[in-house]
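Let me begin by presenting the structure, written as structure tokens, before commenting on it.
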Protein chains: 2
Amino acid sequence: MKTSSTEENYIKAIYKLEEGQVKNAVTTNDIAARLSMQPATVTDMIKKLAEKKLITYKKYYGVSLTEKGKTIALDIIRKHRLWEVFLVKKLKFKWDEVHDIAEQLEHINSDELIQKLDDFLENPKFDPHGDAIPDRDGKIKTIKSIPLSIASKKLTYIFSGVSNHETRFLQHLTNLNLSLGNTIDVDSINEYDGSLKIKINKSHNEFLSEQVASCILVHPKNDK
Amino acid sequence: MKTSSTEENYIKAIYKLEEGQVKNAVTTNDIAARLSMQPATVTDMIKKLAEKKLITYKKYYGVSLTEKGKTIALDIIRKHRLWEVFLVKKLKFKWDEVHDIAEQLEHINSDELIQKLDDFLENPKFDPHGDAIPDRDGKIKTIKSIPLSIASKKLTYIFSGVSNHETRFLQHLTNLNLSLGNTIDVDSINEYDGSLKIKINKSHNEFLSEQVASCILVHPKNDK
DNA sequence: TTAATTATTTAGATTAGTCTAAAAATTTGT
DNA sequence: ACAAATTTTTAGACTAATCTAAATAATTAA
């Protein structure tokens with residue numbers, strides 16, 4: 001069964017919302033907000049997706065992806081992240097420039113293409129923002145990382161990902177000279193506002209607000 | 001002004017039809033046949049394109065692209081051909097496998113992307129089928145090639161392009177071990193059916209029907 | 001040159017995806 | 001527990017892209 005780009009965008013949105021929630025159902029308003037659509041529009045589309053058995057839907061309650069829906073979501077995410085790797089590694093885009101283009105490329109329909117792209121890129125496991133790339137069968141590594149905002153003083157971490165993909169945020173990290181894989185030593189944590197003083201890659205000191213630290217994902221060094 | 005993928009496909013079709021015709025106008029039925037659409041559908045769309053000043057349109061007569069329309073057509077063709085180079089050179093697709101994927105990729109919208117892709121591919125001038133790639137300003141090389149079917153006996157030619165892009169035709173050439181850039185020596189031409197005996201790359205002899213020879217574009221050796 | 005054929009356009013309908021406004025269901029706050 | 005607020009759905013409408021059938025214009029052929 002074919003899925004339109006529009007349907008794919010809804011499926012991806014539902015997947016992302018499920019990921020970030022404890023609850024078992026995603027609401028109409030959540031989806032509407034994420035996709036900048038009217039709730040009425042979302043109701044129509046979720047009826048259609050339920051019809052196709054890509055989600056389960058209970059009126060006035062919410063939706064959740066079926067296995068079939070999850071498979072499609074992971075396939076789109078796989079394509080998005082592989083294209084991001086291509087854009088950054090091969091075409092030399094900056095990590096904050098690739099999102100919108102990958103949003104278009106992720107809907108290109110050709111299994112053969114994605115397979116060959118994956119091989120060409122040498123089967124990368126992570127995209128330029130540190131997000132894991134699902135394999136061909138939809139298997140995805142769950143990385144046990146934590147926000148830097150709950151890190152412990154005097155420990156050393158590895159910068160492994162971000163939980164905010166906005167251009168402005170990514171540019172801020174670039175300006176701090178902070179890149180994926182860098183070590184982060186937490187020198188001190190301000191008790192009042194949660195801000196941190198850190199040392200990046202054993203070389204330069206920086207100051208991070210709690211707001212920024214909370215979007216930086218790390219794992220303890222020598223543990224991964 | 002934005003153009004939808006659908007509009008782009010019409011513009012490209014009109015461009016291709018203009019290219020292959022002496023007449024100054026392309027008819028509704030031509031476009032309908034090329035795009036496998038109903039003439040009534042085409043009439044609606046050409047009204048829309050005329051409204052946008054991408055074509056000139058005279059009722060019951062036909063259409064032709066404006067400068068604006070031509071610019072868009074050449075931009076799509078540029079994108080299509082650059083993606084084909086990418087697919088063949090980098091992803092190792094065969095030359096007969098890339099058309100449908102490039103048809104999708106050509107509608108991806110990002111000037112920055114195409115510029116970087118062009119550079120990544122080292123600014124190729126021809127696609128895998130020997131068609132010239134328009135430059136960023138829409139300038140396109142017109143190559144003075146002829147169909148092999150009107151070639152002269154005992155002369156040596158270079159295989160420079162095809163006028164038929166069907167998978168089955170391209171596979172036939174592959175089976176003959178004939179690739180772009182190969183030399184073709186015309187040994188003899190059959191007077192009755194126009195078939196040719198040729199030697200490819202000074203190494204192996206092949207037989208070509210007139211039908212096949214007419215879709216093979218060549219230029220005389222040491223002239224180009 | 002006029003009747004027959006062919007090509008094109010118009011008219012009316014359909015589907016996908018979107019909207020606004022109003023109705024209905026659920027949740028919240030006192 | 002019930003009124004108020006919020007969320008969700010329904011109803012009706014719009015646009016883009018498509019179709020079929022019918023009407024009209026242009027071309028061809030006798």
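These numbers come from a predicted model, not from an experiment. The sequence lines fix the lettering, A, B, ..., with proteins before strands; numbering per chain opens at 1.
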How does each nucleotide of nucleotides 16-21 of chain C score, in 5' to 3' order, for protein heavy atoms under 4.0 Å: base (B), sugar-phosphate only (S), or none (-)?
SSBBBB
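- The stretch residues 84-98 of chain B participates, sequence neighbours left out, in these side-chain hydrogen bond (donor to acceptor under 3.5 Å, both in side chains) pairs: His80(B)-Glu84(B), Glu84(B)-His129(B), Trp95(B)-Thr174(B), Asp96(B)-Gln171(B).
- For Lys47(A) and dT9(D), the shortest distance from a side-chain N or O to OP1 or OP2 is not below 4.0 Å.
- In this structure, Tyr57(A) reaches the dT9(D) phosphate: one of its side-chain N or O atoms is under 4.0 Å from OP1 or OP2.
- Between Asn29(B) and dT8(C), a side-chain N or O to OP1/OP2 separation shorter than 4.0 Å is present.
- In this structure, Lys2(B) does not pair ionically with Glu7(B), as no charged nitrogen and carboxylate oxygen lie closer than 4.0 Å.
- For Ile31(B) and dT9(C), the CD1 to P distance is 9 Å, given to the nearest whole Å.
- Nucleotide dA23(C) holds its C1' atom 12 Å from the NZ atom of Lys59(A), rounded to whole Å.
- If you take CD1 of Ile46(A) and P of dT10(D), they are 10 Å apart, rounded to a whole angstrom.
- Cation-pi check for Lys116(B) over Phe93(A) is met; the charged atom lies under 6.0 angstrom from the ring centroid and within 45 degrees of its normal.
- The closest side-chain donor-acceptor pair between Ser195(A) and Glu210(A), if any, does not fall under 3.5 angstrom.
- Between Ile140(B) and Arg81(B), some side-chain heavy-atom pair lies under the 4.5 Å cut-off.
- Note on Thr28(A): only backbone sugar-phosphate atoms sit closer than 4.0 angstrom, heavy atoms only; bases stay farther off.
- Summarising the local packing, CD of Gln21(B) is surrounded by more than 12 heavy atoms from other residues, nucleotides or ligands at distances under 6.0 Å.
- Following rounding to the nearest Å, Tyr60(A) (OH) and dT6(D) (P) show an atom-to-atom distance of 17 Å.
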